[in-house]
Amino acid sequence: MTTVSARPWKAGAAALLVGLLSVTPGAASAQPPSSSPGDEARSPGGSHWAERTLRGMSLEQKVGQLFVADVWGLHADETHPGNQEKYGVDTAAEVVSKYQVGGVIYFNHGGTDNIETPRQVARLSNGLQRAALRSSNPRVPLVVAVDQEGGRVTRIADHVTEYPSAMALGATRDVEGARTTAAISAAELRAMGITQDFAPVADVNSNPLNPIIGSRSFSSDPELAGELVAAQVEGYQESGRAARTVSAAAKHFPGHGDAATDSHIGLPVIDRSEADWRANDLPPFQRAVDAGIDAIMTAHISVPSLDDSGDPATLSKPIMTGLLREELAYDGVVVTDSLGMAGVREMYSDAEIPVRALEAGVDQMLMPPDLDAAMGGVLDAVAEGRLTEERIDQSVLRILKLKQQRGLVPTPFVPEDRVDRVVGTDEHRETVQQITDRSTTVLSDDANLLPLASDVDDVLVTGWNNPAYPGYAAEPVTALADALAEQGVDTRAISTGAAPDAETVDRVEAAAGEVDLVIVLTNGLRTSEGQRQLVERLTSTDTPIAAVAVQEPYDPGHADVPTWLATYDWRDVTMTSLATVLLGRQAPEGTLPVSVPSGSDPDQTLYPFGHGLTW
């Protein structure tokens, strides 16, 4: 084997992917089209709709525009207990009408139950837009948002084009590929009536122990992360006419990559100097601003070197106004991360948080746990003189301009009967598969197992899966076994879950003695004693073993296995790529976008940034 060195990031497969897009009917929207009547709403010299609309709005309507609500149900007029419990109304459409919110956000099963099929999502989007336009005068369409990052944060997984995690794209060093995946995702989301994707993740994953970002980040290298962030901003926002693109939102400013705490359950404190922040965390956000990003999402983290008040960055004027607005000269929409997260709720009430966010320089409040209290808090602050209506107008105008820019004013609705012509097409899937095929990384092969010899007839695929993964069962063991079987390999699949017990480990060990090779998938060995026991027992058998880290690539530092690979996520598209590498149908091209430490000590490097073997 030879080592794959990190290629220049501006080189790569640009020519190949441009060619793919130019001949792929399903990806035609990734090419800039000629102008159309809808473009007039976003052109600098075109409509002044945003300014005119703002002048016609009441204070209550303006405050409504500041909020993005989570709504329940598959259909706009479907009664759902989630709406009744949180908002005191039956349907999602009634939530929109009651509060005249500026936007809604979708989640899959296990969340707000908004997602079943692409056509159903398009019907829901149209129904909510009708509710927004009926209930407001002047008529203001909704921002319809989703978290569709790729990899493990994928809200719409079925019937759409699945694409890999940011870190998998980082492993390809393929800038044009990153742009293309975003362009395809944008076209498919907009066909379903979704107008904003809370992506890309601009955090630099500098802390291998980060419990919440990890493979959602492109890299631990600020330059590589910044280049791929900029490419995805262009893919989401500039790959077609306004009505065929989505607003991107770089997250989570000022940078969540060095966190050691999950901000969903606590307030992380980032203990790094301002100079370190400028060198490591700032560059991808600067690139996003330079690329003209529509929105930037805040982080519920405390960074004492940037603001010693102890407030989360979401509520910090020195960070949101001083750094983002003034230093970076950013005048787009600033949206909070979910206001239901513990990281922003530890210090202030649900009525106080949006007031402080507006004082800090934020525009849009995402998913307040008590919308009545949140809107009431803002209205009270205006009545008391703490916030001026002019300050509210600044944020509302930015939000209206975002809607105008994405062509929402002339085209708030999508044709439901055309969804299947755009979403999940064979052309889109093939293009993303070719991009993903470059991501699989071979870290070591001291046992000389790869590619698999022709006499390896019987393979056991085992290890990590999570059938209860929120909104989407993670079944990479089955997916990999199926992909190998399609290539003529006899396979057995035994999924062990995330924490295999002793009985499961015994069963897998016994099965390992009956096959020619074991492939074990791991995810989070550092914190999973059961998985470590499984790997240790398998390496003690006489059967050769290949281990695959299917999320973060840090697992090799926690188990001594001669053959290690990394895929950076566990979705079917990456398991298909893994199978082609294992069988020698595709030479491994991925190189590490992070360094892998030996164990939990970041100062002891096992595999350096840029490492990767090939043949």
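What you see is a predicted model, and the numbers here were worked out from it, not measured in a lab. Residue numbers start at 1 and run along the sequence shown.
Within the 4.5 Å cutoff, no side-chain heavy atoms of Tyr554 are placed close to those of Arg526. Here the side chains of Leu484 and Ile519 are in contact, with some heavy-atom distance below 4.5 Å. In this structure, the side chains of Val146 and Phe107 stay at 4.5 Å or more apart for every pair of heavy atoms. At least one side-chain heavy atom of Leu228 sits less than 4.5 Å from a side-chain heavy atom of Val175. Here the side chains of Pro268 and His256 are in contact, with some heavy-atom distance below 4.5 Å. The shortest distance between side-chain heavy atoms of Asp158 and Thr117 does not fall below 4.5 Å. Between Ile156 and Asn108 the shortest side-chain heavy-atom distance does not fall below 4.5 Å. The shortest side-chain heavy-atom distance between Leu592 and Pro553 falls under the 4.5 Å cut-off.
Taking a cutoff of 4.0 Å between a charged side-chain nitrogen and a carboxylate oxygen, Glu552 and Arg152 qualify as a salt bridge. Salt-bridge check for Glu149 with Lys251: passed, with a basic side-chain N closer than 4.0 Å to an acidic carboxylate O. With salt bridges taken as basic N to acidic carboxylate O contacts below 4.0 Å, none links Arg119 and Asp417. A salt bridge between Arg278 and Glu327 is present, with a side-chain N of the basic residue lying under 4.0 Å from a carboxylate O of the acidic one.
No donor-acceptor pair under 3.5 Å is formed between the side chain of Gln237 and the backbone N or O of Val246. Formation of a donor-acceptor pair under 3.5 Å by the Tyr330 side chain with backbone atoms of Ala295 is found in this model. No donor-acceptor pair closer than 3.5 Å links the side chain of Thr411 to the backbone N or O of Leu408. With hydrogens and angles disregarded, a donor-acceptor distance shorter than 3.5 Å links the side chain of Thr180 to the backbone of Glu176. At distances below 3.5 Å, at least one donor-acceptor pair connects side-chain atoms of Asn210 with backbone N or O atoms of Gly257. At least one donor-acceptor pair closer than 3.5 Å links the side chain of Ser165 to the backbone N or O of Ala168. Judged by distance alone, the side chain of Thr580 and the main-chain N or O of Gln586 form no donor-acceptor pair under 3.5 Å. In this structure a side-chain-to-backbone donor-acceptor pair under 3.5 Å is missing from Ser528 to Leu525. A donor-acceptor contact shorter than 3.5 Å links the side chain of Arg216 to the backbone of Ile212. Between the Asn205 side chain and the Gly214 main chain, a donor and an acceptor come within less than 3.5 Å of each other.
Smallest separation of non-hydrogen atoms from Thr563 and Ile545: CB-O, 4.0 Å. Across Val160 and Arg429, no two heavy atoms sit closer than the pair O-NH2, 3.4 Å. Pairing each heavy atom of Ala250 with each of Ala202, the nearest pair is CB-CB, 4.1 Å. Between Thr491 and Ala485, the closest heavy-atom pair is OG1-CB, 3.9 Å. Annotation for Arg155 and Ile115: closest pair O-CD1, 3.6 Å, computed over non-hydrogen atoms. Nearest heavy-atom pair across Ala547 and Val561 is CB-CG1, 4.0 Å.
Expressed to the nearest 0.5 Å, how far CD1 of Ile270 lies from CZ of Arg272 amounts to 7.5 Å. Atoms OH and OG, from Tyr163 and Ser185 in turn, are 3.5 Å apart once rounded to the nearest 0.5 Å. The line from CG of Asp446 to CG of Leu449 is 10.0 Å long, rounded to the nearest 0.5 Å. Separating the CG atom in Leu169 from the OG1 atom in Thr172 is a distance of 5.5 Å, to the nearest 0.5 Å. Going from atom OG1 of Thr436 over to atom CG of Asp572 covers 11.5 Å, rounded to the nearest 0.5 Å. How far OG1 of Thr195 is from CE of Met192: 12.0 Å, rounded to the nearest 0.5 Å.
With no hydrogens or angles considered, a side-chain donor-acceptor pair links Tyr568 and Thr441 at under 3.5 Å. Donor-acceptor pairing under 3.5 Å is lacking for the side chains of Asp569 and Ser215. For the residue pair Asn280 / Ser206, no side-chain donor-acceptor distance below 3.5 Å is found, with atom types taken as modelled. A donor-acceptor contact under 3.5 angstrom links the side chains of Gln232 and Thr181, judged on distance only. Asn465 and Glu475 form a side-chain donor-acceptor contact under 3.5 Å, judged by distance and modelled atom types alone. Inspection of the Gln405 and Asp294 side chains reveals an N or O donor paired with an N or O acceptor under 3.5 Å. In this model, a donor atom of one side chain and an acceptor atom of the other lie less than 3.5 Å apart for Gln433 and Ser577.
Under the 30°/60° scheme for interplanar angles, the aromatic rings of Tyr607 and His611 are found to lie parallel. Ring pair Trp570/Trp464 is tilted by interplanar angle, where 30° to 60° counts as tilted.
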Query raised in the report: Hey, mind stepping through Arg406 and Thr245 against side-chain hydrogen bond (donor to acceptor under 3.5 Å, both in side chains) and telling me if it holds?
Result: CA-CA 7 Å; Arg406 283 305 125 215; Thr245 61; 2.8 Å; yes
Query - Verdict with reasoning, Val518 to Thr462, per side chain to side chain contact (heavy atoms under 4.5 Å, CB included) - result: CA-CA 7 Å; Val518 176; Thr462 189; 4.0 Å; yes
Report task. Before giving the answer on side-chain hydrogen bond (donor to acceptor under 3.5 Å, both in side chains), spell out for Ser125 and Tyr106 the whole-Å C-alpha distance, their side-chain angles and the decisive distance to 0.1 Å. Result -> CA-CA 10 Å; Ser125 300; Tyr106 292 162; 2.9 Å; yes
Query - Worked verdict on Thr614 versus Glu589 for side chain to side chain contact (heavy atoms under 4.5 Å, CB included) - result: CA-CA 7 Å; Thr614 191; Glu589 297 186 54; 5.6 Å; no
Requested in this report: Using the side chain to side chain contact (heavy atoms under 4.5 Å, CB included) rule, take Ile213 and His252 through it: C-alpha gap first, then chi angles, then the decisive distance, then the call.
Outcome: CA-CA 10 Å; Ile213 303 301; His252 310 76; 3.9 Å; yes
Report task. Report the C-alpha distance between Asn114 and Ile105 in whole Å, list the side-chain angles of each, state the deciding distance to 0.1 Å, and finish with yes or no for side chain to side chain contact (heavy atoms under 4.5 Å, CB included). Result -> CA-CA 9 Å; Asn114 302 129; Ile105 183 170; over 6 Å; no
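Taking a 6.0 Å sphere around CZ of Arg585, one finds it holds more than 12 heavy atoms contributed by other residues, nucleotides or ligands.
Taking the centre and axis of the six-membered ring of Phe218, the NZ or CZ atom of Arg173 falls outside the cone set by 45° and 6.0 Å.
The side chain to side chain contact (heavy atoms under 4.5 Å, CB included) test with Pro254 singles out one residue from Asp281, Ile301, Ile296, and that residue is Ile301.
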